[in-house]
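Each remark here refers to the structure printed beneath this line.
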Amino acid sequence: MDDSLSFESFLSGAGKAAFKALEDHGRGEYDEFALHGGVAVERLAKAVLVKKNPAYLVEMRNGNSDLLLYFGGDLELEPDKVRTVGAKEAIQRLRRLKVLPPDPQLDRLIDLRNGTAHTSIGDEAKTLLPTFAETISLLLRAARVAVQRFWGRWTSAISAAVDKQHSEVQRDVAIRIRQARHLFEDRFKGLPDGTKERAIEEAREAVKAITISEKDDKIVMVISTLPCPACGADTHVKLTPLNSTATSVEVRVDLLDCPLCGLHLTGPEEIKAAHVDIEKAIVPSNVIVSWGTTLPAAIDTDDLHVG
């Protein structure tokens with residue numbers, strides 16, 4: 001049988017596609033994530049099938065028995081005549097073998113990958129990351145491949161994706177932080193020592209100033225800085241007023257955007273899930289920072305720049 005149809009070949013191909021899928025997701029390229037995620041699932045599913053029995057890869061079409069004999073090792077065929085099952089059939093076979101459970105979300109990922117879903121991919125694919133991670137974990141278990149061997153440096157991100165003790169937002173944010181950290185580290189591979197540290201310092205200098213936008217003597221928003229939970233550089237945070245009095249303003253942290261590693265968090269729930277220390281934000285002493293209307297935290301600072 002062709003080496004490209006071996007267990008190791010399918011496993012290697014699945015790993016490459018899975019890495020691309022996580023990188024795509026980290027960059028917000030969710031259509032590419034669906035494509036590479038679906039490819040990773042298909043190849044790993046085929047790895048499991050071929051490990052159980054090479055004949056399980058046979059595409060049953062037109063009653064042709066040549067492929068069955070080929071995968072059984074008793075017939076030679078030209079490479080262009082060899083066909084294996086598609087992703088949907090491979091998954092169905094593994095469900096019949098009790099390797100995978102029924103999962104509409106996994107079916108949706110494959111539909112998006114195949115371009116058969118009658119919808120735009122966008123944010124829908126974004127929400128399928130936990131499904132992708134859980135499916136890969138089940139297939140690795142069936143293939144008897146260690147998670148660390150397959151995922152390498154992405155292991156902690158995948159562990160976060162399948163940790164059901166946390167909310168979906170917490171899992172999503174934990175993964176995105178790890179993704180941004182890996183992409184950040186990749187930028188400096190092969191560069192001279194100290195390049196990364198200089199980039200962090202330059203970013204810190206670029207965003208250190210506080211900006212307060214006012215209209216009709218009322219604060220509209222505050223752009224301040226916080227250490228990025230992914231790369232450690234100073235990053236922009238946006239604070240939006242909730243309530244104001246003659247002496248103070250209560251604001252909500254609405255946005256965190258790191259120009260260095262690309263981490264982008266939107267809304268109080270995501271920012272809170274990142275365990276950002278909001279008390280390190282540089283804001284005026286008469287501004288109260290809050291996750292919501294009931295959790296204020298007073299912050300004092302001396303030197304500030306208003307622009």
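Side-chain atoms are counted along with the backbone in the values below, which use heavy atoms only and exclude waters and symmetry mates. Only a predicted model underlies this, so the values are computations on that prediction, with no experimental measurement involved.
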Who are the side-chain contact (heavy atoms from CB on, under 4.5 Å) partners of [X], not counting sequence neighbours?
X    : result
T266 : L255, H264, E270
S159 : T155
D107 : R95

Partner residues of R144 under the salt bridge (Lys or Arg N to Asp or Glu O under 4.0 Å) criterion, sequence neighbours left out:
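R144 satisfies salt bridge (Lys or Arg N to Asp or Glu O under 4.0 Å) with no other residue.
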Would you please name every residue forming a salt bridge (Lys or Arg N to Asp or Glu O under 4.0 Å) with E89, sequence neighbours left out?
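Here the qualifying residues are R93, R96.
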Is there a path of hydrophobic side-chain contacts, each under 4.5 Å between heavy atoms, that joins [X] and [Y]?
X    : Y    : answer
W151 : V145 : yes
L94  : L11  : yes
L138 : I91  : yes
L35  : L106 : no
F150 : V48  : yes

Going through the checks in order, is the side chain to side chain contact (heavy atoms under 4.5 Å, CB included) test met by E23 and W154?
CA-CA 10 Å; E23 290 166 359; W154 291 102; 3.9 Å; yes
Apply the test side chain to side chain contact (heavy atoms under 4.5 Å, CB included) to residues L129 and Q179: give CA-CA distance (whole Å), side-chain angles for both, the deciding distance (0.1 Å), then the verdict.
CA-CA 12 Å; L129 182 57; Q179 289 169 328; 4.2 Å; yes
Any donor and acceptor pair, going by atom type alone, linking the side chain of [X] with main-chain N or O of [Y] inside 3.5 Å?
X    : Y    : value
R187 : L183 : no
S9   : S6   : no
T235 : D257 : yes

All pairs passing salt bridge (Lys or Arg N to Asp or Glu O under 4.0 Å) where residues 33-43 contributes a residue, at least two apart
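Pairs touching residues 33-43 that pass the test: E42-K46, E42-R113.
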Is it true that R178 and E185 make a salt bridge, defined as a side-chain N closer than 4.0 Å to a carboxylate O?
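Salt bridge: no.
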Heavy-atom count around K20 NZ within 6.0 Å, excluding the residue itself: above 12?
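12 or below, so no.
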Please check if atom CG in D193 has more than 12 non-hydrogen atoms from other residues, nucleotides or ligands closer than 6.0 Å.
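Atom CG in D193 is not crowded, with 12 or fewer foreign heavy atoms closer than 6.0 Å.
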Hey, could you give me the [atom1]/[atom2] distance between [X] and [Y], rounded to the nearest 0.5 Å?
X    : Y    : atom1 : atom2 : value
F10  : L139 : CZ    : CG    : 13.0 Å
L109 : N114 : CG    : CG    : 9.5 Å
H182 : L22  : NE2   : CG    : 8.5 Å
T127 : D172 : OG1   : CG    : 9.0 Å
D234 : E201 : CG    : CD    : 8.5 Å
D31  : D24  : CG    : CG    : 8.0 Å

Salt bridge (Lys or Arg N to Asp or Glu O under 4.0 Å) evaluation trace for E134 with R141:
CA-CA 11 Å; E134 290 167 5; R141 189 179 308 158; over 6 Å; no
Please identify which of these residues, F33, F19, F132, meets the ring-ring contact (aromatic ring centres under 6.0 Å, His included) condition with H25.
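Only match with H25 under ring-ring contact (aromatic ring centres under 6.0 Å, His included): F33.
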Under the side chain to side chain contact (heavy atoms under 4.5 Å, CB included) rule, what do K88 and D111 come out as? Steps first, then yes or no, please.
CA-CA 9 Å; K88 284 194 170 185; D111 285 342; 2.8 Å; yes
Derivation and outcome, side chain to side chain contact (heavy atoms under 4.5 Å, CB included), residues L97 and L49
CA-CA 10 Å; L97 293 170; L49 288 174; 4.2 Å; yes
Please examine the side chains of [Y] and [X], heavy atoms only from C-beta on, and report whether any two atoms are closer than 4.5 Å.
X    : Y    : answer
R176 : L265 : yes
R181 : C261 : no
P229 : V173 : no

